[in-house]
Amino acid sequence: MIANPEMFLAAAAMRTHRIRLGTGVVSRPYHHPFNVAQRMVQLDHMSMGRAIFGTGPGALPSDARTLCIDPMTQRDRQDEALGVIIRLLNGEERFDYDSDWFTLRDAALQILPLQESMPMATASSISPSGMQIAGKYGIGVLSIASNSSEGIQALPTQWSFAEEAAAKHGKTVDRKNWRVLMAFHIAETREQAREEAVNGLQKWHNEYNVQVLGRPGALWVDDKWQLMDQVTGTGAEGAGAAVVGTPDDLIEAILHLQEITGGFGTMIGFAHDWANREATFRSWELVARYVLPAVNGTINAQIASAKYVAENKAELMAGASAAVMSKIMANEKAAAAMATTLQQMAARNTGEENDPVFRPGAGLPTQG
């Protein structure tokens with residue numbers, strides 16, 4: 001629904017400060033390479049160096065028909081155009097270029113990107129072309145099709161295409177620049193998440209995937225709960241790994257995907273309309289508050305600290321209680337008050353009941 005990614009991201013740049021802004025994607029065969037390079041430079045300056053150039057061959061056959069472009073040429077044109085754009089963005093000396101679909105004479109940009117090297121990523125789905133282009137030019141890649149571990153859509157197989165192409169062309173590819181798309185909706189409980197997403201998921205599948213796109217293998221499903229089980233059980237083809245559940249479910253899915261792929265740099269969340277606005281915002285909030293810290297390891301030290309205290313609490317609390325008790329017993333008035341407190345505690349329980357009173361820190365010491 002976004003006709004001009006650069007214009008959209010320029011508006012986003014006005015409202016943000018740190019988030020990086022990627023065009024996902026500029027369909028390369030539909031645009032003259034020189035114009036694309038100019039627009040990306042403009043976006044990079046307006047965003048103060050936060051632009052990522054995302055590129056693809058053009059996935060929608062309706063677009064290709066409207067522009068009278070043979071789909072058989074699109075992936076080769078994506079490759080050809082990207083090579084020219086990289087030369088322009090790198091500030092090469094003026095050059096000529098002749099192609100069967102565009103021509104350049106004395107081409108050079110008068111303004112270069114604000115970033116010394118603008119990050120780039122190419123879309124990859126089922127065919128090996130996206131990964132091969134990423135390897136050929138040593139750029140990042142955005143996997144949008146599958147989380148399977150077998151067959152042509154298998155992410156490990158796909159990544160091998162990038163590595164082979166990089167070796168062939170004297171480049172390197174880094175897994176930290178590999179972005180993998182996942183679809184999810186989460187809530188405090190799995191039941192809540194499923195209730196919030198089930199109707200929207202069915203409309204998205206039946207009315208868009210089946211009726212509009214006619215995606216191969218996508219069949220109309222009348223039972224919304226059956227569809228929910230299919231999507232969350234095997235992954236939503238075309239949208240990545242689908243998780244409808246709790247933050248813990250999404251954490252587990254991301255870590256599993258890291259395992260079967262051999263490692264990737266970034267998980268990209270697929271934006272959809274499965275749930276209403278409020279529930280969707282809450283889902284993303286839960287991702288930010290619970291999923292990201294767990295996956296990125298920012299709370300590992302806190303978890304380790306809690307484990308240490310739990311494993312050594314008897315020794316630690318004994319020392320703390322002794323220190324507090326020594327100060328109490330050294331003061332006659334405090335010692336008398338403590339005796340009264342201990343009598344009250346003994347009267348309240350027999351030692352087997354829980355003490356429900358909140359006390360920060362170590363609480364009241366007990367006599368050994």
Side-chain angles (χ1 to χ4, degrees), residues 1-12 21-40 43 52-82 84-85 99-102 120-134 141-147 152-153 158 179-183 199-221 227 230-231 235-240 242 268-274:
M1 304 300 290
I2 300 171
N4 188 317
E6 300 91 345
M7 185 179 294
F8 179 87
L9 294 178
L21 306 165
T23 59
V25 299
V26 177
S27 298
R28 284 300 319 107
Y30 305 160
H31 306 264
H32 194 291
F34 190 83
N35 292 335
V36 173
Q38 285 189 309
R39 299 200 308 258
M40 289 307 303
L43 176 62
I52 301 174
F53 179 40
T55 174
L60 299 179
S62 56
D63 288 346
R65 171 175 290 185
T66 297
L67 297 173
C68 201
I69 295 175
D70 182 356
M72 294 297 293
T73 68
Q74 288 180 247
R75 280 152 186 81
D76 290 338
R77 289 184 176 185
Q78 147 84 348
D79 184 353
E80 183 178 32
L82 185 57
V84 170
I85 291 171
S99 171
D100 62 350
W101 63 289
F102 71 90
M120 300 184 186
T122 183
S124 172
S125 182
I126 298 175
S127 81
S129 64
M131 284 291 188
Q132 289 171 336
I133 289 173
V141 64
L142 172 60
S143 292
I144 61 176
S146 176
N147 69 322
I152 188 63
Q153 296 187 76
Q158 288 284 321
R179 298 166 174 85
V180 178
L181 190 72
M182 295 181 71
N199 291 321
L201 173 61
Q202 186 182 39
K203 287 178 65 66
W204 172 78
H205 175 81
N206 287 345
E207 298 180 13
Y208 181 63
N209 279 338
V210 178
Q211 284 190 328
V212 175
L213 291 183
R215 182 171 57 78
L219 302 175
W220 186 281
V221 181
L227 177 63
Q230 290 175 353
V231 168
E237 294 181 12
I268 300 292
F270 174 61
H272 52 72
D273 298 317
W274 296 353

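Every value quoted in this text rests on a predicted model; they were computed, and no experiment measured them.
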K.L.:
Let me confirm one number: the NE2-CD distance from H32 to Q38, rounded to the nearest 0.5 Å.
P.N.:
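Taking NE2 in H32 and CD in Q38, the distance rounds to 10.0 Å.
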K.L.:
Taking the side chain as everything from C-beta on, heavy atoms only, tell me whether E6 gets closer than 4.5 Å to V26.
P.N.:
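Yes; the side chains approach each other to less than 4.5 Å.
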K.L.:
Before you tell me yes or no, could you show the steps for V36 and F53 under side chain to side chain contact (heavy atoms under 4.5 Å, CB included), namely the whole-Å CA-CA distance, both residues' side-chain angles and the distance that decides it to 0.1 Å?
P.N.:
CA-CA 10 Å; V36 173; F53 179 40; 3.7 Å; yes
K.L.:
Might you point out which heavy atoms bring W220 and V210 nearest each other, and give the distance in Å?
P.N.:
N-CG2, 3.9 Å
K.L.:
The criterion is ring pair (Phe, Tyr, Trp, His ring centres under 6.0 Å); which residues satisfy it with Y30, sequence neighbours excluded?
P.N.:
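Testing Y30 for ring pair (Phe, Tyr, Trp, His ring centres under 6.0 Å), a comparison that skips the adjacent residues, returns none.
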K.L.:
Mind checking side-chain contact (heavy atoms from CB on, under 4.5 Å) for I268 and listing every partner two or more places apart, or none if nothing turns up?
P.N.:
L142, R179, L181, T266
K.L.:
Under the criterion side chain to side chain contact (heavy atoms under 4.5 Å, CB included), which of N4, I52, T23 is the partner of L9?
P.N.:
T23
K.L.:
Mind listing the closest non-hydrogen atom pair of L43 and A10 along with its distance?
P.N.:
CD1-N, 3.7 Å
K.L.:
Using the test side-chain contact (heavy atoms from CB on, under 4.5 Å), find all partners of H272 that sit at least two apart in sequence or belong to another chain.
P.N.:
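side-chain contact (heavy atoms from CB on, under 4.5 Å) list for H272, sorted by chain: H185, F270, W274.
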K.L.:
List for me each residue that meets side-chain hydrogen bond (donor to acceptor under 3.5 Å, both in side chains) alongside E207, sequence neighbours excluded, and say none if there are none.
P.N.:
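Applying side-chain hydrogen bond (donor to acceptor under 3.5 Å, both in side chains) to E207 gives K203.
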K.L.:
So R28 and I85, do their side chains get closer than 4.5 Å, heavy atoms only?
P.N.:
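A side-chain contact under 4.5 Å exists here.
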K.L.:
Side-chain donor-acceptor contacts of residues 56-68 below 3.5 Å, not counting sequence neighbours, with atom names and distances?
P.N.:
| unit_1 | atom_1 | unit_2 | atom_2 | d |
| --- | --- | --- | --- | --- |
| T66 | OG1 | S62 | O | 3.0 |

K.L.:
What is the minimum heavy-atom distance between T55 and V25, and which atoms define it?
P.N.:
C-CB, 3.6 Å
K.L.:
Quick check: do V141 and M131 have side-chain heavy atoms less than 4.5 Å from each other?
P.N.:
yes
K.L.:
Could you measure the distance from the OG atom of S129 to the CD atom of Q78? Nearest 0.5 Å is fine.
P.N.:
7.5 Å
K.L.:
Quick one: list whatever passes side-chain hydrogen bond (donor to acceptor under 3.5 Å, both in side chains) with W101, sequence neighbours left out.
P.N.:
E80, S99
K.L.:
Which residues pass the salt bridge (charged side-chain N to carboxylate O under 4.0 Å, His left out) test with R77, sequence neighbours left out?
P.N.:
none
K.L.:
To the nearest 0.5 angstrom, please state how far the CG atom of D273 sits from the CG atom of L201.
P.N.:
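Spacing of CG (D273) from CG (L201) equals 11.5 Å.
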K.L.:
Excluding sequence neighbours, so at least two apart, what forms side-chain contact (heavy atoms from CB on, under 4.5 Å) with F8?
P.N.:
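Testing F8 for side-chain contact (heavy atoms from CB on, under 4.5 Å), a comparison that skips the adjacent residues, returns I2.
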K.L.:
Provide the closest heavy-atom pair for I69 versus P29 in the form atom of the first, atom of the second, distance.
P.N.:
CD1-O, 3.6 Å
K.L.:
Return the set of residues passing side-chain hydrogen bond (donor to acceptor under 3.5 Å, both in side chains) with N199 (not counting sequence neighbours), or none when no residue passes.
P.N.:
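K224.
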K.L.:
Quick one: are Q158 and S124 in side-chain contact, heavy atoms under 4.5 Å?
P.N.:
yes
K.L.:
Using the side-chain contact (heavy atoms from CB on, under 4.5 Å) criterion, which residues pair with V221? Sequence neighbours excluded.
P.N.:
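Applying side-chain contact (heavy atoms from CB on, under 4.5 Å) to V221 gives H205, N206, Q226, L227, Q230.
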K.L.:
With sequence neighbours excluded, tell me which residues meet side-chain hydrogen bond (donor to acceptor under 3.5 Å, both in side chains) with Q202.
P.N.:
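Q202 satisfies side-chain hydrogen bond (donor to acceptor under 3.5 Å, both in side chains) with no other residue.
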